[in-house]
Amino acid sequence: MPILSTLQEFALEPQNHEFLSILKGFRNGLVYGTKIRFPHALVMTFLFRSGSFQEKAKAIFKATKAHARNLAFFVTIYKTMMFLQKRIQGKELNHHSFVAGLLGGYLIFGDNNNVNNQIVLYLFSRIIIGLAKLTVKRQVIEEPQHSFPVFAAVVWGIVMWLFRHDRDTLQPSLQASMQYLYIDSNKWNSLKNLIWHNK
């Protein structure tokens with residue numbers, strides 16, 4: 001087919017690479033966002049959300065759409081900004097990825113909703129660990145002995161202290177989980193709600 005052949009030629013032309021890379025990044029953002037969010041939303045909605053089947057299906061679709069759309073647009077902005085900065089300055093510089101991520105993060109993930117909140121908190125925990133490893137990699141500090149057990153202990157100590165004394169500072173979903181584990185487990189008035197049911 002001549003149309004497919006022409007499209008293939010266009011796709012393989014070196015001067016079209018940057019533009020098509022941005023386009024494919026958008027596509028991959030949609031696919032990856034859908035793959036990640038759909039199963040999570042499906043399980044969490046049917047396990048913990050009340051309402052009709054139709055309401056649950058709408059909630060799953062809404063969360064999946066938001067995750068996929070946001071990733072797709074973030075990738076598009078990031079890759080476009082990387083291309084423009086490189087074009088303007090003649091080469092890629094160290095700070096370009098930070099500037100591109102900063103702009104994309106503000107424009108796409110700046111709205112404080114459940115989906116964005118989960119994604120940003122997920123990234124935050126990963127970058128804190130990444131920055132700690134970077135200090136060791138660049139020999140700013142020596143790798144501490146027993147670093148993960150100490151890290152785990154500090155994280156759990158802080159979260160339990162916050163839950164006990166200032167629980168309103170924690171995420172609502174974390175508060176609900178901890179309420180179930182540490183407060184609801186103190187209450188029962190029969191064998192039934194000691195073993196089979198929470199309340």
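Side-chain atoms of Thr45 do not come within 3.5 Å of backbone N or O of Leu42 as any donor-acceptor pair. Using a distance-only test at 3.5 Å, with no hydrogens or angles considered, no donor-acceptor pair links the side chain of Thr64 to the main chain of Phe61.
Residues Ile36 and Val120 are members of one and the same hydrophobic cluster, defined by side-chain heavy-atom contacts under 4.5 angstrom among Ile, Leu, Val, Met, Phe, Trp and Tyr. Tracing side-chain contacts under 4.5 Å through hydrophobic residues (I, L, V, M, F, W, Y), one never reaches Phe83 starting from Ile88; they form parts of separate clusters. Cluster annotation: Tyr182 is connected to Leu170 through the hydrophobic network of ILVMFWY side chains, with a link wherever side-chain heavy atoms come within less than 4.5 Å. Connection of Ile119 to Phe26 is established within a shared hydrophobic cluster, with ILVMFWY side chains joined at heavy-atom distances below 4.5 Å, either directly or through further cluster members. Under the 4.5 Å side-chain heavy-atom criterion for Ile, Leu, Val, Met, Phe, Trp and Tyr, Val154 and Val159 are members of the same hydrophobic cluster.
Atom CZ of Arg27 sits about 13.5 Å away from atom CG of Leu20, to the nearest 0.5 Å. Expressed to the nearest 0.5 Å, how far CE of Met178 lies from CZ of Arg164 amounts to 10.5 Å. Atoms CD and OG, on Glu142 and Ser147 in that order, are 13.0 Å from each other to the nearest 0.5 Å. Between atom CD of residue Gln85 and atom NZ of residue Lys91 there is a gap of 14.0 Å, rounded to the nearest 0.5 Å. Note that the CD1 atom of Ile129 and the CG atom of Leu134 stand 13.5 Å from one another [nearest 0.5 Å]. Taking CD1 of Ile60 as the start and CD of Glu55 as the end, the distance is 12.0 Å to the nearest 0.5 Å.
Within 6.0 Å of atom CD in Glu143, 12 or fewer heavy atoms from other residues, nucleotides or ligands are found, so the atom counts as exposed in its surroundings. The environment of CG in Asn114 is sparse: at most 12 heavy-atom neighbours from other residues, nucleotides or ligands sit within 6.0 Å. Under a cut-off of 6.0 angstrom, the local environment of CD in Glu13 is crowded, with over 12 non-hydrogen atoms contributed by other residues, nucleotides or ligands. In Gln54, the CD atom is not crowded: 12 or fewer heavy atoms of neighbouring residues, nucleotides or ligands sit closer than 6.0 Å. In Lys65, the NZ atom is not crowded: 12 or fewer heavy atoms of neighbouring residues, nucleotides or ligands sit closer than 6.0 Å. Few gaps surround CZ on Arg167; more than 12 heavy atoms of other groups in view lie less than 6.0 Å from it. Under a cut-off of 6.0 angstrom, the local environment of NE2 in His146 is sparse, with at most 12 non-hydrogen atoms contributed by other residues, nucleotides or ligands. Within a 6.0 Å radius of CZ in Phe46, other residues, nucleotides and ligands contribute more than 12 heavy atoms.
The closest side-chain heavy-atom distance from Val115 to Asn117 is not below 4.5 Å. Contact check for His96 versus Leu93: side-chain heavy atoms found under the 4.5 Å cut-off. With a 4.5 Å cut-off on side-chain heavy atoms, Gln179 and Asp184 count as touching. Looking at heavy atoms from C-beta onward, Val75 lies out of side-chain contact with Tyr32 at the 4.5 angstrom threshold. Ile77 has its side chain within reach of Ile108: a pair of non-hydrogen atoms, C-beta onward, lies under 4.5 Å apart.
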Show your working on side-chain contact (heavy atoms from CB on, under 4.5 Å) between Phe109 and Leu123 and close with a plain yes or no. CA-CA 12 Å; Phe109 291 103; Leu123 290 175; over 6 Å; no

Using the side-chain contact (heavy atoms from CB on, under 4.5 Å) rule, take Asp168 and Asp166 through it: C-alpha gap first, then chi angles, then the decisive distance, then the call. CA-CA 6 Å; Asp168 60 313; Asp166 290 284; 4.3 Å; yes

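Across all non-hydrogen atoms, the minimal contact from Gly51 to Lys56 is O-CE, 3.5 Å.
When His40, Gln171, Arg37 are each tested for a side chain to side chain donor-acceptor pair (under 3.5 Å) with Gln118, only one passes: Arg37. Results of the side chain to side chain contact (heavy atoms under 4.5 Å, CB included) test with Thr76 over Ile22, Leu71, Leu23 single out Ile22 as the only residue that passes.
Ring-plane geometry between Phe74 and Tyr78 is classed as parallel, the angle between the planes falling under 30 degrees on a 0 to 90 degree scale with a further cut at 60.
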